[in-house]
2 protein chains.
Amino acid sequence: MLEAGLRVLRAKGIDAVTMRAVAAELDTGPASLYVYVANRKDLLDLMFDAVAASIDLGPEPDPTQWREQLEALAYRIVEAMDDHPGIARVPLANVPTGQGAARVADRTLALLRAGDVDDRSAAWFIDVVSLYINATAYETSIYMSEGTTEDNIDEQIRDDFARLAADEFPNLTRLMGPLTSGTGEERFAFGLRLLINGLLNTPPPPA
Amino acid sequence: MLEAGLRVLRAKGIDAVTMRAVAAELDTGPASLYVYVANRKDLLDLMFDAVAASIDLGPEPDPTQWREQLEALAYRIVEAMDDHPGIARVPLANVPTGQGAARVADRTLALLRAGDVDDRSAAWFIDVVSLYINATAYETSIYMSEGTTEDNIDEQIRDDFARLAADEFPNLTRLMGPLTSGTGEERFAFGLRLLINGLLNTPPPPA
DNA sequence: ACCTGAACACCGTTCAAGT
DNA sequence: ACCTGAACACCGTTCAAGT
């Protein structure tokens with residue numbers, strides 16, 4: 001049943017994962033799913049955990065390379081989400097507590113520990129970086145589901161902005177170039193570098 | 001009509017903002033709304049922009065206080081979102097381009113400029129910090145709509161985790177204390193400090 | 001005891017018919 | 001010309017009835 005849900009998710013995105021669609025995939029009616037899951041939210045939670053469980057954790061944490069390893073893990077997480085359009089909405093809506101998610105969180109903490117990051121900073125950082133990764137993946141999935149390319153987005157942003165009074169927003173006007181520059185990957189990589197640099201330059205939160 | 005929508009939003013959250021509910025607020029049928037908006041997404045976009053327009057931008061950017069001003073602005077944005085449960089999902093789903101949102105973005109850029117931040121860094125940073133603010137606000141709204149308190153969340157995280165094999169997730173086990181410590185506000189403040197410190201310690205992205 | 005057909009109470013959106 | 005009642009094509013979930 002989980003597999004049927006994941007098939008629908010991969011093929012048509014999270015909004016297409018209706019109880020009826022998953023039931024149809026199993027040649028039965030929607031009521032039958034309630035034998036296995038409590039409700040649709042429960043099904044989506046299970047599906048997210050399955051996606052998390054499929055993520056390659058990479059090599060064991062190496063103190064001399066923890067940063068590169070952490071960034072590489074983040075890219076693989078986004079990749080897994082991109083293969084399952086919209087699933088990133090699930091961890092945004094509630095803290096995931098399944099095995100698959102725990103596995104990824106535990107490895108993330110292990111990498112931060114390999115980097116000698118303070119315990120409390122590490123614990124709070126994982127929330128910040130997860131929010132960033134999930135929000136990025138969710139945004140990407142929306143653009144993909146609308147069939148929007150990056151060029152289209154930039155073009156539309158410029159168009160929408162052109163409709164606003166330029167002199168009312170001088171900074172947006174002046175920075176329109178940088179604002180629409182770079183690919184999604186480049187921007188994500190910049191944000192990730194920024195987050196880790198921030199972690200390394202912020203005192204641990206007071207206990 | 002926008003006002004009717006905002007009333008429903010404030011009272012019952014974004015999921016309750018159905019075409020039927022907004023129409024009922026106006027003593028008419030759902031079909032009548034289509035005279036003013038193209039569809040529900042359009043209505044929600046307009047509502048988000050109205051919320052953004054209501055945000056107090058605070059005093060003019062001061063180069064000696066730009067950082068405190070930027071943080072204070074971020075808090076006010078989250079506050080406005082918290083008063084309109086779930087509206088933060090809108091800017092997560094697509095780049096907002098209305099007047100209200102442009103106003104806030106322009107002020108954010110002005111503050112970064114007052115802090116002498118590189119143009120390209122500022123332009124890319126605004127995406128990162130917006131994602132962080134919106135994702136935080138969205139998460140908060142979900143907990144509130146479920147009537148969940150912070151204590152309940154921590155308790156449930158501990159419970160859920162207790163069901164997992166402790167020895168399989170040694171880092172989560174070891175850090176359970178820090179992981180469930182602090183209030184939502186403290187964690188948000190830490191993340192915001194971290195983001196700004198990251199900005200100040202990351203070279204601008206290459207052109 | 002287990003599964004599910006049919007029904008219930010909702011949705012967003014369309015369009016023909018009314019004013 | 002403008003507005004909208006009624007209908008269409010969907011939802012998630014429940015529960016009585018079947019096996």
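Base pairing analysis places D/dT19 opposite C/dA1; the two distances defining the Watson-Crick or G-U wobble pair are each below 3.5 Å. C/dT13 is paired with D/dA7 under the criterion used here, namely a Watson-Crick or G-U wobble arrangement in which both key atom distances are under 3.5 Å.
Remark: C1' of D/dC11 and CZ of B/R40 are 13 Å apart, rounded to the nearest angstrom. Atom OH of B/Y34 and atom P of D/dC3 are 16 Å apart (whole Å). Distance CG (B/N39) to C1' (C/dC15): 17 Å, rounded to an integer number of Å. Computed from coordinates, the A/Y36 OH to C/dA1 P distance equals 17 Å when rounded to whole Å. Atom C1' of nucleotide C/dG12 and atom CG of B/D15 are separated by 14 Å, given to the nearest angstrom. Put simply, CG on B/L43 is 14 Å from C1' on C/dT13, counting in whole angstrom units. Rounding to whole angstrom units, CG of residue A/L33 and P of D/dT14 are separated by 13 Å. The distance between atom CE of A/M19 and atom C1' of C/dA7, rounded to the nearest whole Å, is 17 Å.
Checked options B/L26, B/N39, B/D42; the residue passing with B/L33 is B/L26 (criterion: side chain to side chain contact (heavy atoms under 4.5 Å, CB included)).
Enclosure of atom CZ in A/R113 is not indicated, since only 12 or fewer non-hydrogen atoms of other residues, nucleotides or ligands lie within 6.0 angstrom.
Remark: A/R7 does not engage A/E3 in a salt bridge, criterion side-chain N to carboxylate O under 4.0 Å.
Proximity of A/S32 to the phosphate of C/dT4: a side-chain N or O atom is located under 4.0 Å from OP1 or OP2.
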* To do: Applying side chain to side chain contact (heavy atoms under 4.5 Å, CB included), run through B/I133 and B/F188 and close with a yes or a no.
  => CA-CA 8 Å; B/I133 291 173; B/F188 177 68; 4.1 Å; yes

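Residue A/D27 is the one, among A/D27 and A/R20, whose nearest nucleotide of DNA chain C lies closer to the 5' end (criterion: closest heavy atom).
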